[in-house]
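This report refers to the structure that appears directly beneath it.
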Number of protein chains: 2
Amino acid sequence: MDVVDRTILNILQRNAKCPLKEIAEKVYLSTPAVSARIEKMEKEGYILGYQAQVNPEALGYHIKALINLEVSPEGKTVFYPFVRKCSNVIECNCVTGEYSMVLEVLFPSTTELDKFIGELQRFGRTKTLIVFSTSVEHRGINADIEETLE
Amino acid sequence: MDVVDRTILNILQRNAKCPLKEIAEKVYLSTPAVSARIEKMEKEGYILGYQAQVNPEALGYHIKALINLEVSPEGKTVFYPFVRKCSNVIECNCVTGEYSMVLEVLFPSTTELDKFIGELQRFGRTKTLIVFSTSVEHRGINADIEETLE
DNA sequence: GATGAAACAGCCGAGCT
DNA sequence: AGCTCGGCTGTTTCATC
């Protein structure tokens, strides 16, 4: 894990389909060398996978919301398998604070959102925040900032 | 936008590097046909890009948090350019409710998180939730659910 | 949209520094 | 030991039907 690996990670986060040749030029290495580094980072768990980013609006998901949910410790054993099957839940975090869970969800309209919140009520109290707009959503992790590990 | 396109989207969300040949077999089409469909979806804005998913833990980002921030309408013109430059902010949503913004952030430790919250104070009041664990984070959008659009 | 051929990128070897 | 350069395989793309 050196500065070259970090640069490669940043490039692949911006464009996973970037040709090895182009990466190689940017880091002043040969393509096999870059290939070996990427393979190493995949095996060592730095790279979890490659995914296409899909536009939710284009698919008809016009409503994005954050749902705060109070789930009891016992309720979690039922809640986790449930939430994992909900394809509308794109992120689910267990957090500190008044509510134990924060879910990020996508729905075509508020009607479906409301119906979903109704289903959630059986786990506990909810507080929902509707998202007006998203100004940052790169989801890319800056690999440069960190001091050299390893 | 038909059922075949949706299937392709779901495959690419799971694995952006899936060979066209493999996709073609699954949707019972030839590789050029699949290629054309993908290209079309890229041009029409269904596919925003392809990105490598990096493991935050592996890069030393051990702390994930949700920061609720109260920003005045006037403050937003200064806040947006600021937050866009913060590489630790992986998502920033403008929301309904008591606080106008919810930021999702990554930091190596609580020390850096605390320092960042200090910087945010100048925009307004904050409430921070530390993330214990993340049970769902696929960030993949189910393309099947929707009725056929066009 | 399917089939074939050509171009390209990515992979694996050998040789070198 | 790691990088660079070669040939080789596989994938993607283009032209034709």
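Chain letters run A, B, ... following the sequence lines, proteins first, then strands; residues in each count from 1. These numbers were taken from a predicted model, which means no experiment stands behind them. What's counted below: heavy atoms across the whole structure, side chains too, no hydrogens, waters or symmetry copies.
Listed pair A:S35 / C:dC11 meets the phosphate criterion, a side-chain N or O lying under 4.0 Å from OP1 or OP2. Between A:R37 and D:dC3 there is a side-chain N or O to OP1 or OP2 distance below 4.0 Å.
Of the candidates D:dT12, C:dA2, C:dG10, C:dG10 carries the atom nearest the A:P19 side chain, counting heavy atoms from C-beta on. Closest to the A:S30 side chain, of the nucleotides C:dC12, C:dT3, D:dC3, is D:dC3.
Here C:dG10 presents its P atom at 13 Å from CD of A:E42, a figure rounded to the nearest Å. As rounded to whole Å, 15 Å separates atom C1' of C:dG1 from atom CD of B:E39. Protein atom CG of B:L20 is 12 Å distant from nucleotide atom P of D:dC14, rounded to whole Å. Atoms CG (B:D5) and C1' (C:dG1) sit 13 Å apart, rounded to a whole Å. For the pair B:K21 NZ and D:dG10 P, the computed distance is 8 Å after rounding to whole Å. When the P atom of D:dT12 is taken as reference, atom CD1 of B:I8 falls 13 Å away, rounded to whole Å. As a whole-Å value, the separation of A:E25 CD from D:dC3 P is 18 Å. We find that OH of B:Y50 is positioned 11 Å from P of D:dT12, with the value rounded to whole Å.
Note: A:Y50 and B:Y50 fail the aromatic proximity criterion, with ring centroids not under 6.0 Å apart.
Geometric assessment of A:R122 against the ring of A:F82 yields a positive cation-pi assignment under the 6.0 Å and 45° thresholds.
A donor-acceptor pair under 3.5 Å links the side-chain atoms of A:Y61 to the main chain of B:N142, judged by distance alone.
Put simply, CD1 on A:I8 and OG on A:S35 are 10.0 Å apart, with the number rounded to the nearest 0.5 Å.
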